[in-house]
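Read the structure below first, then the notes.
All values reported here derive from a predicted model rather than from experimental measurement. Order of listing sets the numbers, starting from 1, for every ligand and every atom in it.
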Amino acid sequence: MSTSTAQALSEFNNPNLETLFTAAQIQERIAAMGREIARDYEGKNPLLIGVLKGAVIFVSDLLRAIDLRLGIEFMAISSYGSSTRTSGEVRIVKDLDVAVEGRDILVVEDIVDTGLTLSYMLANLKSRGASSVRLAALLDKFERRERQVEINYLGFQIPDAFVVGYGLDFAERYRNLPYIAVIKDPEIQ
Ligand code: IMP
Ligand code: MG
């Protein structure tokens with residue numbers, strides 16, 4: 001196969017993507033977050049809750065950076081159609097299989113954008129009687145916030161651009177990129 005053909009077929013070297021954070025930068029940040037979390041939860045047995053599907057890759061790297069006894073569960077949330085989105089209505093598509101009462105919960109999310117999803121989810125978990133509920137987010141698109149959400153452990157703040165990779169998708173594409181990128185032209189697919 002010629003080089004030009006290999007380029008054209010490569011998803012990872014897609015010319016419509018501009019790298020924002022390399023795989024190495026992400027890993028370096030996650031290692032530091034893991035150390036901080038391990039220090040803060042020393043002597044505890046936190047339950048990490050990954051938000052499907054976007055946070056799957058982040059949570060799988062983050063939990064291996066936390067040297068503690070811990071548990072891992074998953075939830076899936078969907079927001080209603082964009083017209084009702086500003087009402088903050090979100091729906092649990094996949095709920096937890098375990099009770100969270102008395103547990104120290106660390107929600108792990110890929111990105112906080114408007115904050116609607118997380119403000120709902122964090123309040124919901126608190127109402128179930130968790131001892132504590134904190135949030136670890138890889139990315140913070142702070143300029144777009146509509147609901148105040150406290151991010152206890154943050155990877156990176158980013159500008160208001162649509163990003164993909166490392167779990168984040170554009171119409172289910174690009175979740176498998178090892179790095180985080182901005183789509184240059186969303187019209188090109
Ligand atoms: P929020 O409720 O507006 O904070 O929505 C957060 C969710 O929207 C995230 O969990 C992502 O699934 C999705 N999202 C927001 N911004 C982006 C982006 O730039 N790329 C991919 N997904 C995004
Ligand atoms: Mg998500």
Side-chain angles (χ1 to χ4, degrees), residues 11-12 14-23 25-26 29-30 33 37 47-63 72-96 105-127 133-189:
E11 184 78 332
F12 295 171
N14 186 320
N16 195 25
L17 300 175
E18 191 180 334
T19 304
L20 192 58
F21 302 110
T22 65
Q25 287 174 317
I26 297 167
R29 193 66 203 104
I30 289 176
M33 293 172 82
I37 292 165
L47 181 63
L48 272 61
I49 300 180
V51 186
L52 294 171
K53 294 181 245 181
V56 160
I57 298 182
F58 174 44
V59 76
S60 63
D61 280 339
L62 183 65
L63 95 157
I72 171 85
E73 294 288 339
F74 292 94
M75 280 177 85
I77 311 283
S78 105
S79 30
Y80 287 109
S82 48
S83 53
T84 56
R85 197 161 155 65
T86 42
S87 69
E89 264 187 276
V90 293
R91 191 162 49 98
I92 296 173
V93 176
K94 184 216 173 288
D95 206 342
L96 295 170
I105 302 297
L106 182 61
V107 174
V108 181
E109 176 61 307
D110 50 4
I111 184 166
V112 186
D113 185 21
T114 63
L116 294 176
T117 309
L118 265 306
S119 64
Y120 170 82
M121 198 177 154
L122 297 172
N124 180 285
L125 291 167
K126 280 175 195 156
S127 76
V133 180
R134 288 180 160 192
L135 172 63
L138 183 61
L139 302 174
D140 176 15
K141 220 192 269 185
F142 60 98
E143 290 166 84
R144 284 182 35 95
R145 200 75 87 252
E146 292 173 26
R147 294 287 154 84
Q148 200 247 320
V149 170
E150 188 187 355
I151 304 174
N152 304 96
Y153 306 96
L154 174 66
F156 307 96
Q157 281 199 325
I158 62 164
D160 181 10
F162 200 82
V163 296
V164 294
Y166 197 73
L168 291 139
D169 73 304
F170 177 64
E172 294 301 322
R173 188 175 175 182
Y174 299 124
R175 291 195 198 274
N176 58 329
L177 299 180
Y179 57 93
I180 293 169
V182 176
I183 298 184
K184 292 184 199 163
D185 183 356
E187 303 295 307
I188 304 172
Q189 271 301 295

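Checked by distance only, ligand 1 and F162 stay at 3.5 Å or farther apart across all their nitrogen or oxygen atoms. Of the polar atoms of G115, at least one N or O is found under 3.5 Å from an N or O of ligand 1, judged by distance alone.
The aromatic rings of F170 and F162 sit perpendicular to each other, their planes meeting at more than 60°, with 30° as the lower class boundary.
For D140 and R145, the salt-bridge test passes: some basic side-chain N is under 4.0 Å from an acidic carboxylate O.
Checking each of D110, L138, L20 against Y166 for a side chain to side chain contact (heavy atoms under 4.5 Å, CB included) leaves exactly one that passes, namely L138. Of the residues listed (L118, N152, V59), the one engaging V107 in a side chain to side chain contact (heavy atoms under 4.5 Å, CB included) is L118, and it is the only one. Exactly one of I111, V108, I26 qualifies for a side chain to side chain contact (heavy atoms under 4.5 Å, CB included) with F58. That residue is V108.
At least one heavy atom of L168 sits less than 4.0 Å from an atom of ligand 1. Within the structure, the closest approach of D169 to ligand 1 falls below 4.0 Å when heavy atoms are considered.
Atom CD of E172 has more than 12 neighbouring heavy atoms from other residues, nucleotides or ligands inside a 6.0 Å radius.
Those atoms of ligand 1 that come under 4.0 Å of a heavy atom in E109, given as number and element, are 10 (O). Remark: ligand 1 atoms within the under-4.0 Å shell around heavy atoms of A161 are 19 (O). Heavy-atom contacts of T117 reach the following atoms of ligand 1: 1 (P), 2 (O), 5 (O) (cutoff under 4.0 Å). For ligand 1 and K141, the ligand atoms under 4.0 Å from any heavy atom of the residue are 16 (N), 17 (C), 18 (C), 19 (O).
Between the side chain of R134 and the backbone N or O of E150 there is no donor-acceptor pair closer than 3.5 Å.
Looking at I77, V182, V164, I111 and measuring to atom 13 (C) of ligand 1, the nearest heavy atom belongs to I111.
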